[in-house]
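Everything on this sheet refers to the single structure shown next.
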Amino acid sequence: MNGQLAEPSSLDAVDYDPIDHLNLLFSHPSTVSSISQVSRNLKKHQYELSTEISALESAQAYGPDSSLERMQSAQAELAQLFRKIETVRTRAVETEQNITSMTADIKRLDGTKRNLTLSMTALKRLQMLTTAYEQLRGLAKTRQYKECAGLLQAVLQLMKHFNSYRSIEQIATLSRGVSELQRELLEQVCEDFEIAFAKDEVGLRRGTLVEGCQVMDALGDSAKARLLTWYVNTELREYRQVFRGNDEAGNLDNIGRRYAWFKRMMKTHEDEHSMIFPSHWKVNEVLATAFCDGTRDDFKGILEKSMRRTDGNKVDVNLLLSCLQETLDFEQTLEKRFSNDPRASIDTLSSADERPHSFNGSISVAFEPYLSLWVESQDKQLASMIPKYRNQPLIPADEEFSSQAVIASGIELFHFYKLTLSQCAKLSTSERLLDLSRTFAKYLDDYAQHVLLHILQISTGSSGTEQVQNAVLVLNTADFWHLNTNQLEESIKKRIDADLVAKVDLTSQSDAFLGVASAAVLALVRTVEVDCEGVWREMKNTNWSTMDTAGDQSTYIGELVKVVNGKAEEILGVVAKPQYARAFCDNLVEHLASGYINNMVQCKPISEIGAQQMLVDKYALTKAFCNLILFHNPSSAQQTPPSSFVRRVEHSMNRMDPLLKTLQVRASPPEGLVQAYLIHIADRSDTNFRKILDLKGVRKQDYAYLLELFSIHRDGSNNTDKLAQNSPLLTPLMATGGIGGPSIGSPSTMAGGAAAGSAAAAKAAFDPGSLGEKLLSAARDISTVNVPTGSDKATINENLRNFGKFFKRDIGGLGVRFGKRDGSVPDEHR
């Protein structure tokens with residue numbers, strides 16, 4: 001045990017673990033009996049360690065080199081250091097006192113010298129001031145204004161140095177003398193001006209007056225303002241007497257006389273008076289500003305008085321507009337006249353009060369409260385323009401059709417909007433401009449509906465080429481206004497007051513024009529469908545129930561492809577923008593696919609071989625339709641259609657595959673037909689299943705068994721969650737009362753039944769999944785509707801906006817640009 005306790009690896013180890021040590025001491029049950037001995041040894045070892053530690057502590061504390069002695073030594077050294085610091089500080093204070101006593105006399109001498117210098121400078125300035133003041137008094141008496149101006153500036157500058165000495169009587173007396181001399185010079189110069197103008201001796205006294213203006217400059221802004229006020233009142237006295245004191249001359253009827261009088265007055269000023277005044281006074285501009293301020297106040301009183309009259313003689317709108325236009329022209333003349341004058345820079349804060357003055361609105365602002373009359377007149381003018389546009393030629397007689405042309409009325413309406421907006425923005429950027437934006441929106445809707453859609457309507461009876469050209473012109477114009485409506489909204493928002501910006505919204509009108517563009521595209525699609533009606537008749541005349549074998553494509557397919565390609569090539573040759581060409585091709589394929597399905601429905605009964613032949617024909621059409629897009633810009637290097645268009649064609653044409661694959665299955669055994677229906681059509685509708693039986697020509701007596709078998713398989717556990725309630729392919733075909741009747745999108749319905757269903761179509765909601773068919777049906781309905789009133793008009797306007805939203809989504813957004821009638825961009829609109 002003792003040997004084990006003595007091991008250094010145990011108690012002396014840094015990472016000593018008592019458990020390990022105990023396990024080592026008592027590694028066997030037989031060693032438990034030695035616990036007492038081990039305990040005594042441990043206590044003995046603990047005592048020895050304690051004794052050794054106490055001895056070491058005593059030696060450390062009381063030894064010759066103990067910590068206590070070192071602390072006492074450090075304290076003594078610190079005390080000695082503090083004594084030395086205090087000695088240094090005392091010597092520094094004594095040195096400072098010695099230096100102060102040595103330099104005291106020098107400081108007194110410096111102060112005496114500085115005071116003597118100030119006294120000499122003040123006396124010199126006082127002498128100069130007194131001398132200059134006496135000279136100025138003599139020059140003022142003899143009206144030597146040129147010398148007075150320079151000397152007056154010196155006197156005033158010197159006088160500033162004695163402002164703090166006014167408590168001295170002599171200085172106060174001199175200050176009062178200088179102030180009195182300033183007043184005498186001011187009155188004297190004003191008297192010279194009054195005498196010269198009263199006696200019409202401006203030319204004779206011109207030199208004196210010019211030098212007098214220099215004195216006024218030296219006297220300061222208040223003196224200059226007094227002289228200018230007198231001059232302006234003198235020049236405008238006759239104007240105020242004539243046009244304010246005379247009700248007849250002051251009426252709005254004589255507004256032209258006011259501006260003519262001002263022009264004569266300004267000519268007199270330029271010829272006889274302008275050289276008197278310094279150029280930096282800008283007296284001509286001061287005169288113009290005073291004239292505008294007075295005239296504006298006159299107009300406010302006249303208009304307010306006129307609007308309060310109860311005898312029916314209120315201001316005439318035409319007269320108000322004429323006066324307003326004449327005032328705008330006058331303001332523009334002033335703006336051009338003074339905009340070229342050199343102006344002070346406004347790049348710094350110090351010159352902020354010298355920023356250029358604008359004459360726009362300086363008089364015409366008086367008309368702003370009455371601009372509602374002006375907005376109403378614009379409303380009436382636009383109301384008269386819309387019927388005229390309905391009967392106006394689409395392009396001028398001396399111009400030929402161009403694939404990029406815009407209808408002449410669209411260009412004319414745009415320029416009218418541009419001019420009207422510019423005029424209104426000069427007059428008001430508040431509620432009146434907001435009213436004008438609402439008027440714009442109202443007639444944009446009317447132009448889209450009553451002009452552009454009207455053109456599509458009356459073009460239905462035109463020749464094929466004329467109908468295509470008219471539809472393209474409508475498409476270009478709708479595209480033109482779609483973009484310009486967005487730009488018009490941004491332009492109004494930039495001009496209108498910030499708190500009204502959120503109320504300006506022409507998004508609905510922009511969407512409406514996009515809806516017209518979609519209707520134009522669908523009208524082009526319709527021209528192709530009309531040419532295909534003969535081919536569809538050949539398809540329906542084929543006996544699809546007696547075919548023995550399915551071979552190459554049917555004979556009518558080649559004729560259909562020929563007709564479609566020929567017409568598409570003609571149309572795509574005059575559709576300028578790629579996005580509209582793509583929209584035309586997408587919609588054409590969609591409607592041809594729908595036409596194929598709708599005519600297929602009318603070919604009953606269809607045998608299994610007949611369904612196989614129809615599937616072969618569908619593959620041939622799909623391959624041919626994929627190349628339609630290549631007719632647009634055939635000179636390009638691209639020889640293969642875009643993959644996105646190929647996928648679109650395949651998606652449209654493959655919609656009929658479930659129907660044809662189901663029709664290929666024989667009715668016997670009946671389980672095979674039922675399973676084929678559940679796999680391909682995959683819905684739970686008894687009515688749709690009955691439709692398939694009708695198409696296949698199944699005997700009526702077999703319907704009950706087949707329907708019962710269909711119900712059993714449909715409700716089986718394997719089909720519970722897999723089947724739709726109604727097939728999106730078959731259900732729409734049943735909306736017209738059965739397979740034997742006309743179907744949605746069929747030529748017969750398009751030609752004769754559109755007017756009857758227009759009201760229902762106008763209220764129908766749109767399904768993005770069948771966008772092409774919905775747009776075609778709705779656009780066709782609108783094209784046959786007469787001009788509506790009241791709620792019908794609002795409904796069709798709302799439909800146009802919905803068409804635009806869906807059409808925008810369908811073509812992925814239009815990259816339209818602002819263009820002229822020939823498709824180029826006007827320089828003024830870039």
Side-chain angles (χ1 to χ4, degrees), residues 525 528-529 531-569 582 584-631 639-666 673 676-677 679-682 692 695-696 727-730 733 743 745-746 770 772-773:
V525 172
V528 181
E529 289 186 311
D531 287 357
C532 293
E533 290 181 0
V535 182
W536 294 130
R537 280 195 298 271
E538 181 181 350
M539 175 186 178
K540 288 182 289 186
N541 291 334
T542 302
N543 192 340
W544 296 94
S545 64
T546 59
M547 288 187 176
D548 296 329
T549 59
D552 294 335
Q553 65 186 38
S554 302
T555 56
Y556 75 92
I557 293 297
E559 184 63 24
L560 179 62
V561 171
K562 179 180 178 182
V563 171
V564 171
N565 286 350
K567 198 66 178 179
E569 183 176 9
R582 172 63 186 272
F584 167 76
C585 292
D586 288 346
N587 282 278
L588 178 59
V589 172
E590 185 73 21
H591 287 86
L592 289 174
S594 298
Y596 191 88
I597 296 174
N598 292 327
N599 284 281
M600 180 198 311
V601 168
Q602 301 181 47
C603 294
K604 69 170 187 177
I606 303 173
S607 67
E608 293 77 18
I609 301 300
Q612 291 179 14
Q613 184 61 51
M614 286 183 176
L615 194 59
V616 172
D617 294 343
K618 189 272 297 186
Y619 289 139
L621 288 177
T622 302
K623 183 177 180 181
F625 290 164
C626 286
N627 294 320
L628 284 176
I629 194 66
L630 297 179
F631 289 122
Q639 299 298 324
T640 58
S643 58
S644 59
F645 179 69
V646 173
R647 290 194 298 270
R648 180 69 176 262
V649 172
E650 292 174 347
H651 177 268
S652 298
M653 297 299 294
N654 289 342
R655 288 189 298 124
M656 63 192 76
D657 284 0
L659 175 59
L660 291 175
K661 290 179 179 179
T662 303
L663 293 176
Q664 289 182 63
V665 179
R666 296 181 179 274
L673 179 60
Y677 181 90
I679 292 173
H680 298 303
I681 304 301
I692 294 294
L695 278 173
K696 290 184 65 64
S727 166
L729 174 66
L730 290 184
L733 295 178
S743 303
S746 64
S770 57
E773 292 148 287

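Throughout, residue positions are numbered sequentially from 1 according to the sequence presented.
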Roughly how far, to the nearest 0.5 Å, is [atom2] of [Y] from [atom1] of [X]?
X: Y677; Y: L659; atom1: OH; atom2: CG; result: 10.0 Å
X: K661; Y: I681; atom1: NZ; atom2: CD1; result: 11.0 Å
X: L592; Y: I597; atom1: CG; atom2: CD1; result: 11.5 Å
X: Y556; Y: N541; atom1: OH; atom2: CG; result: 12.0 Å
X: T662; Y: H680; atom1: OG1; atom2: NE2; result: 5.0 Å
X: N599; Y: C532; atom1: CG; atom2: SG; result: 10.0 Å

Considering only distance and modelled atom types, tabulate donor-acceptor pairs under 3.5 Å from the side chains of residues 605-612, sequence neighbours left out.
unit_1 : atom_1 : unit_2 : atom_2 : d
S607   : OG     : W544   : O      : 3.0
S607   : OG     : G610   : N      : 3.1
E608   : OE2    : K696   : NZ     : 2.9

Close side-chain approach of [X] and [Y], heavy atoms under 4.5 Å:
X: L588; Y: V564; value: yes
X: I692; Y: L663; value: yes
X: Q602; Y: M539; value: no

Subject >> For A620, all residues meeting side-chain contact (heavy atoms from CB on, under 4.5 Å), sequence neighbours excluded >> reply: Q553, I557
**OP:** Output, in order, the C-alpha distance, side-chain angles, deciding distance and verdict of side-chain contact (heavy atoms from CB on, under 4.5 Å) for M600 and L695.
**Re:** CA-CA 9 Å; M600 180 198 311; L695 278 173; over 6 Å; no
Original post:
Would you say the side chains of Q613 and D617 form a donor-acceptor pair under 3.5 Å?
Top reply: yes
Original post:
Strictly by modelled atom types, are E538 and S554 linked by a side-chain donor-acceptor pair under 3.5 Å?
Top reply: no
Heavy-atom pair with the smallest gap, counting every atom of [X] and [Y]:
X: L729; Y: R655; result: CD2-O, 3.4 Å
X: L621; Y: L560; result: CD2-CD2, 3.7 Å
X: P641; Y: C626; result: CB-O, 3.1 Å
X: V525; Y: N587; result: CG2-CB, 3.9 Å
X: C585; Y: I629; result: SG-CD1, 3.7 Å
X: Y596; Y: M614; result: OH-O, 2.9 Å

Original post:
Tell me the side-chain hydrogen bond (donor to acceptor under 3.5 Å, both in side chains) pairs involving residues 618-631, sequence neighbours left out?
Top reply: K618-N654, K618-D657
Original post:
Excluding sequence neighbours, so at least two apart, what forms ring pair (Phe, Tyr, Trp, His ring centres under 6.0 Å) with F584?
Top reply: none
Subject >> Partners passing salt bridge (Lys or Arg N to Asp or Glu O under 4.0 Å) against D531 (at least two apart in sequence or in another chain) >> reply: K567
**OP:** Please list, chain by chain and in numerical order, all residues satisfying side chain to side chain donor-acceptor pair (under 3.5 Å) with T546, sequence neighbours excluded.
**Re:** N543
